[in-house]
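Heads up: the structure comes next, in structure tokens.
Heavy-atom basis, side chains included; hydrogens, waters and symmetry copies ignored. Chain A is the first sequence line, chain B the second, and so forth, proteins listed ahead of strands; every chain is numbered from 1.
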Protein chains: 2
Amino acid sequence: MTEKKHRIPDVVIRRLPVYLRYLQQLMSYDVDTVSSQQMGHDLNLNPAQIRKDLSIFGDFGVKGMGYRVSELADKLSKILGLDKEIPIVLVGVGNLGAALCRYNRYQKSATKIVGLFDGHPAKIGQVHGSLEVRPMEELVDFVRQNNIKMAIITVPAAAAQSVCDALVAAGVKAILNFAPVLLNVPEGVRVQNSDVTVELQALAYYL
Amino acid sequence: MTEKKHRIPDVVIRRLPVYLRYLQQLMSYDVDTVSSQQMGHDLNLNPAQIRKDLSIFGDFGVKGMGYRVSELADKLSKILGLDKEIPIVLVGVGNLGAALCRYNRYQKSATKIVGLFDGHPAKIGQVHGSLEVRPMEELVDFVRQNNIKMAIITVPAAAAQSVCDALVAAGVKAILNFAPVLLNVPEGVRVQNSDVTVELQALAYYL
């Protein structure tokens, strides 16, 4: 990671995939250009915020015309590192894990689940999408052999830290964690927590 | 919503439930006080950021002692509006919807799913947790009769906007949307999008 990357706020980084998906939708409708006004309207964001976010990465807008849709989409893909496929392992194939596999199958995205793991013997060998659930004992070797850097944790809270430790030991650098616990990871490993209770409680504030 | 509420950045609001859950964990270990240093360490956040966030809502810290855990938890609960139960309907009982029901059952939280709805005849009458799946035709009446203001959408993308419109017409003011589409809502209705692809793509940046 470069010094420069560190200085860009996480909230900006988290908006980039939202912009990217929007631009890809426009491309599918053969739209060539879009203004920050239009983007702001469609995405419920402030146009000035959008212009500011994008200006961090370069001078993409054309005065009086807006952004060239496919050019900007390409740039954002590259910035996010999505110009190549990113293989992901998912650990914990309960209802949520299964839902994420299914979702994964229908999405066109560079991030792709390529391995499913579960500690429960009854789950081993089940097929979700085109992937068979593998036993936990194979996790570390699989991650190493396939040079996997990203993982999704969908195990119960009590199992999450030990799964996390195994993933990190095998070389994983980025984890999307759905277990409702805070994971301890060494410097250089990034965890994003996705927690429905937190989302609902934050929404409650606006009622 | 007051003027004052509008001025607090969303990113701050989204950290409050994280603080709250942490404080509740401390309470369960009979911890009386905690410093912003300790909180920052445990939550992987900057202590100065935590102090700044909390100072928006009042002068909670005690010099040289830190925060009183249960007092601060109470305050945050009230600020978020979690001092009373918030009933929620969930629409779309696929894998993800079922996972959220299960999760809901095990969490102690003021936000509580009280109604499940699905448009698929085969799903009607299925039981998840202690709740039976109801037909979509009953959605609007159920929301109105139970004065429900919050909803979770876990239907496929193509169905999400029409479900959203029905919820809003029935009086829902806050929606957690898992469908990978941007929902159009009138002024005064709040939508939080939870999108796994967006989360994964943002994580990819840090690899």
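- Ranked by heavy-atom pairs shorter than 4.5 Å toward chain B, the options P156(A), A174(A), G81(A) are led by A174(A).
- Interatomic distance, NZ of K149(B) versus CG of L207(A), reported as 8.5 Å (0.5 Å rounding).
- Contact annotation for L16(B): neither backbone nor side-chain heavy atoms come within less than 4.5 Å of a heavy atom of chain A.
- Of the listed residues D10(B), N184(B), I86(B), the one with more heavy-atom pairs under 4.5 angstrom with chain A than any other is D10(B).
- Atom CG of L100(A) is separated from atom OG1 of T197(B) by 9.5 Å, given to the nearest 0.5 angstrom.
- Side-chain contact between Y205(B) and V12(A): absent, with no pair of heavy atoms (C-beta onward) separated by less than 4.5 Å.
- Looking at L20(A), only its side chain comes within 4.5 Å of chain B, counting heavy atoms on both sides.
- For L183(A), the part sitting under 4.5 Å from any heavy atom of chain B is the backbone (N, CA, C, O) and nothing else.
- Around CZ of R68(A), the count of heavy atoms belonging to other residues, nucleotides or ligands within 6.0 Å does not exceed 12.
- When the candidates L182(B), L43(B), V198(B) are compared by the number of heavy-atom contacts under 4.5 Å with chain A, V198(B) comes out ahead.
- Remark: L200(B) CG to L80(A) CG distance equals 11.5 Å, nearest 0.5 Å.
- A search for ring-ring contact (aromatic ring centres under 6.0 Å, His included) contacts involving Y67(A) returns nothing, not counting sequence neighbours.
- Between chain A and the residues V185(B), N193(B), I175(B), the most heavy-atom pairs under 4.5 angstrom are made by I175(B).
- When all heavy atoms of A202(A) and P17(B) are compared, the closest pair comes out as N-CG, 3.6 Å.
- L96(A) has its side chain within reach of L96(B): a pair of non-hydrogen atoms, C-beta onward, lies under 4.5 Å apart.
- The CD atom of E199(A) sits 5.5 Å away from the CG atom of L176(B) when rounded to the nearest 0.5 Å.
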